[in-house]
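Down below is the structure, laid out as structure tokens.
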Amino acid sequence: MFDEKKSRDLARQLLRKFEHPKAGTWERVELDIKRNRMGWGTILLKDRAGRPLKNCEIRIRQTGHDFKFGCNAFKLKDFSDNEKNAAYEEFFRRVFNEAVVPLFWDSTEPERGEFRYSADSPVMERRPPADLVIDWCEENRIAPKGHWIFCDNFVPSWLPKDSREVMFLLEKRIMELGRRYGTRIRKWDVVNESFTYHPRKCPTIGDATVPPDYVYQTFQMAEKYFPVMDEFIYNDGTDISFRSFAHDSSPMFLLADRLLRRGAKLDGLGLQFHLYGDVESAVRMETGSFFDPAHLLQVMDQLGQLNLPLHISEISLPCYPEFPREIAREIQGELLRNFYRVWFSQKNCQSIVYWNLCDGTAYGDESRFNAGLIGPDFTEKPSYRILDSLINHEWHTETTVATDENGEAVWNGFYGEYDLKFLGTCEHVSLTPRGENEYPFALSE
């Protein structure tokens, strides 16, 4: 572990591009948050005779976000301690309105023809049954996201090593997922990590034998068995998403462009952002790295030329183990604040998903980086408090307005759900970038 002086020095280097970015970067971010995440709503009040109600005070309070702030729900009801389960759910509900549902093939069908979808399925760590997670989401007004329909790794051990058989079995899986969840889950990672875990790169991870164009075929099958309104996403890893950037020759751009040209129902791109690794390597990254807000915006702007929604789909920000604990947690929080501001501002971005809520619950040895927002003792880390402050305070609207002589009042707020209170009544409305946002009310008295 480094001493405090060296830790502070490395931390300053790590944050250098955020504190001294390319000219105009933070000005653009602040302007684009207002331009892309806020809108105007108009309230029209009339009495029973149709006359405008003047000088009527209206209290406006935001109750939810249109933008999706998510987290995986892999530990939902998965702790042996009931108090921890309850705390996990409370921490989750406070800041997140989207939950990633684990639908990995190897955990949903561990034995051929034997499925783990129902809530009473056998327990499997970090893999709560889909029915349990979706039921909880519906009870708590949290949007579920299916992860994933197909990935050419983390597949069942019984899967045959013949590509035609694999695609036949995959079609059966897709048909079953569409039948069970097509109307309950509206957003899906259809294909996950076709670049990241290629067998030649990761020979130790079990993989499927697939045809060369399996990504396209999977999207075609999903379109066949899922409702047309479901959103289909291609999702891939951190390096592919942000580091292997070469403008319109970037791997993610080329794949997405090819899928669209072939007529695939591609509705969005998922960009992962796991920053596992040692801090000195992070500091040594060249200009145009993960820690450069101008670079992050450049990557997203390039992908935005495809006119597809972008989703920051899996985020892990480490508490670098080389730092003393308090400094590590402080830097994790500062990184989170900066990254979220950049992503939230970019016009194509529609969701940001932190990956593991709690320390000690990550995949494999990734837990050693303590990238959760909640400590192992189930106390809030600075990163959680910062995220809570951003979502529920800085990017939250509460105001009071009064109607004019025409019975009209307007307000400017973050897109989302609102309660409007006036004259002893409470009305619920949505302020959305997809509507006219006019709300006429005729009072009976």
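Excluded from the calculations below are hydrogen atoms, water molecules and symmetry mates; all remaining heavy atoms, backbone and side chain alike, are included.
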Exercise for review: For W26 and E30, test the side chains for any donor-to-acceptor distance below 3.5 angstrom and give the result as yes or no.
Suggested key: no

Point to revise | Distance-only polar pair, side chains of D248 and Q302, donor-acceptor under 3.5 Å | key: no

Practice item. Decide, yes or no, whether a salt bridge links K265 with D230 under the criterion of side-chain N to carboxylate O below 4.0 Å. Key: no

Check your understanding: Where the side chain of R186 meets the backbone of M229, is there a donor-acceptor pair that is under 3.5 Å apart?
Key -> no

**Study point:** Min side-chain heavy-atom separation C349-R37 under 4.5 Å
**Key:** yes

**Study point:** Within-4.5 Å side-chain heavy-atom neighbours: V190 and F150
**Key:** no

Review point. Do Y363 and Y276 have their ring centres less than 6.0 Å from each other?
Key: no

Exercise for review: Taking all heavy atoms of Q62 and all of G416, pick out the closest pair and write down the distance.
Suggested key: NE2-CA, 4.2 Å

Check your understanding: Are the aromatic rings of F422 and F441 close, with centres under 6.0 Å apart?
Key -> yes

Study note, to complete from the structure: Value for OG1 (T63) from CD (E417), rounded to nearest 0.5 Å, stands at 5.5 Å

Exercise for review: Look only at the side chain of S389 and the backbone of R385, and say whether a donor-acceptor pair between them is shorter than 3.5 Å.
Suggested key: no

Review point. Can you name the closest pair of heavy atoms from D66 and P433 and give their distance?
Key: OD2-CD, 3.8 Å

**Study point:** Donor-acceptor contact below 3.5 Å, side chain W188 vs main chain I185
**Key:** yes

Check your understanding: Between H274 and T238, is any side-chain donor less than 3.5 angstrom from a side-chain acceptor?
Key -> no

Review point. Parallel, tilted or perpendicular: which fits the ring planes of H65 and F344, with parallel below 30° and perpendicular above 60°?
Key: perpendicular

Review point. Under a 4.5 Å cut-off applied to non-hydrogen side-chain atoms, are L271 and L303 in contact?
Key: yes

Check your understanding: Within a strict 4.5 Å, meaning less than it, do heavy atoms of the P376 and C358 side chains meet?
Key -> no

Check your understanding: If you round to the nearest 0.5 Å, how far is CZ of F219 from CG of L260?
Key -> 9.5 Å

Point to revise | Flag side-chain contact, heavy atom, 4.5 Å: V429 against L420 | key: yes

Review point. Among L317, I352, I312, whose side chain to side chain contact (heavy atoms under 4.5 Å, CB included) with F339 holds?
Key: L317

Practice item. Heavy atoms only: give me the nearest C319-K381 pair and the separation to one decimal. Key: SG-NZ, 3.4 Å

**Study point:** N-O pairing of D32 and K34 below 4.0 Å
**Key:** no

Review point. Is the F18 to F291 ring centre distance short of 6.0 Å?
Key: no

Review point. Side chains of E398 and H396: do they bring a donor and an acceptor to under 3.5 Å?
Key: yes

Check your understanding: If you measure from the Lys or Arg side-chain nitrogens to the Asp or Glu carboxylate oxygens, is any gap between K75 and D78 under 4.0 Å?
Key -> yes

Review point. With ring centroids as reference points, do Y415 and F67 lie under 6.0 angstrom apart?
Key: no

Check your understanding: Between the side chains of D9 and Q13, does any donor sit under 3.5 Å from an acceptor?
Key -> yes

**Study point:** 4.5 Å side-chain heavy-atom contact, L357 and F96
**Key:** yes

Check your understanding: Is it true that H147 and W355 have ring centroids separated by less than 6.0 Å?
Key -> yes

Point to revise | side-chain contact (heavy atoms from CB on, under 4.5 Å) partners for R8, two or more places apart | key: E4, R12, I327, E330

Check your understanding: What is the ring orientation for Y340 with F69, classed by angle as parallel under 30°, tilted 30 to 60°, or perpendicular over 60°?
Key -> parallel

Review point. Would D388 and R94 count as a side-chain contact (heavy atoms from CB on, under 4.5 Å) if you check the C-alpha gap in whole Å, the side-chain angles of each, and the deciding distance to 0.1 Å?
Key: CA-CA 8 Å; D388 182 22; R94 193 191 308 173; 3.7 Å; yes

Review point. Hey, is E326 close enough to R329 for a salt bridge, meaning N to O under 4.0 Å?
Key: no

Check your understanding: Does the pair L387 and L373 meet the rule for a side-chain contact (heavy atoms from CB on, under 4.5 Å), with working shown?
Key -> CA-CA 9 Å; L387 184 57; L373 307 175; 3.8 Å; yes

**Study point:** Spacing of D257 atom CG and L308 atom CG [to the nearest 0.5 Å]
**Key:** 9.5 Å

Review point. Can you tell me if D239 uses its side chain to pair, donor with acceptor, with the backbone of R243 under 3.5 Å?
Key: no

**Study point:** Side chain proximity check, Y88 to R93, heavy atoms < 4.5 angstrom
**Key:** no

**Study point:** Donor-acceptor pair between R28 and T25 side chains, under 3.5 angstrom
**Key:** no

Point to revise | Donor-acceptor contact below 3.5 Å, side chain S289 vs main chain M285 | key: no

Check your understanding: Does the side-chain contact (heavy atoms from CB on, under 4.5 Å) test come out yes or no for Q350 and K68, once each step is laid out?
Key -> CA-CA 6 Å; Q350 291 191 0; K68 291 294 183 277; over 6 Å; no

Check your understanding: Could you state the interatomic distance from OG1 (T397) to CD1 (I60), rounded to the nearest 0.5 Å?
Key -> 9.0 Å

**Study point:** Salt bridge D131-R180, side-chain N to carboxylate O under 4.0 Å
**Key:** yes

Review point. Are side-chain N/O atoms of E314 and N235 paired as donor and acceptor at under 3.5 Å?
Key: yes

Practice item. Kindly assign one of parallel, tilted or perpendicular to the pair F378 and F91, based on the angle between their ring planes and the thresholds 30° and 60°. Key: tilted

Review point. Minimum heavy-atom separation for P293 to V342, with atom names?
Key: CB-CG2, 3.7 Å

Review point. Between F92 and W136, is the ring centre distance below 6.0 Å?
Key: yes

Check your understanding: When rounded to the nearest 0.5 angstrom, what distance separates CZ in R341 from CD1 in I33?
Key -> 6.5 Å

Point to revise | Validation row: I58, I43 side chains within 4.5 angstrom (heavy atoms) | key: yes

**Study point:** Point-to-point distance, once rounded to the nearest 0.5 Å, from CG of L259 to CG of L306
**Key:** 10.5 Å

Check your understanding: Ring centroid separation for Y418 and W411, is it under 6.0 angstrom?
Key -> yes

**Study point:** K187 with E98: basic N within carboxylate O range, under 4.0 Å
**Key:** yes

Check your understanding: Do Q332 and S383 have a side chain donor and acceptor closer than 3.5 Å?
Key -> yes

Check your understanding: Going through the distances and angles, do K421 and E427 end up as a salt bridge (Lys or Arg N to Asp or Glu O under 4.0 Å)?
Key -> CA-CA 7 Å; K421 293 185 178 180; E427 300 289 345; over 6 Å; no

Point to revise | Trace of the side-chain contact (heavy atoms from CB on, under 4.5 Å) decision for R368 with D359 | key: CA-CA 9 Å; R368 66 191 176 93; D359 283 345; over 6 Å; no

Review point. Could you go step by step and tell me if E322 and K6 meet the salt bridge (Lys or Arg N to Asp or Glu O under 4.0 Å) rule?
Key: CA-CA 10 Å; E322 302 96 325; K6 183 171 182 178; over 6 Å; no

Check your understanding: Do the numbers put K77 on top of the ring of F79, so that NZ or CZ is under 6.0 Å from the six-membered ring centre and no more than 45° off the axis?
Key -> no

Point to revise | Test of ring centre spacing under 6.0 Å for Y181 and F226 | key: no

**Study point:** F74 six-ring centre to R127 NZ/CZ under 6.0 Å and within 45° of normal
**Key:** yes

Check your understanding: Among side-chain atoms of S241 and D236, is any donor-acceptor pair under 3.5 angstrom?
Key -> no

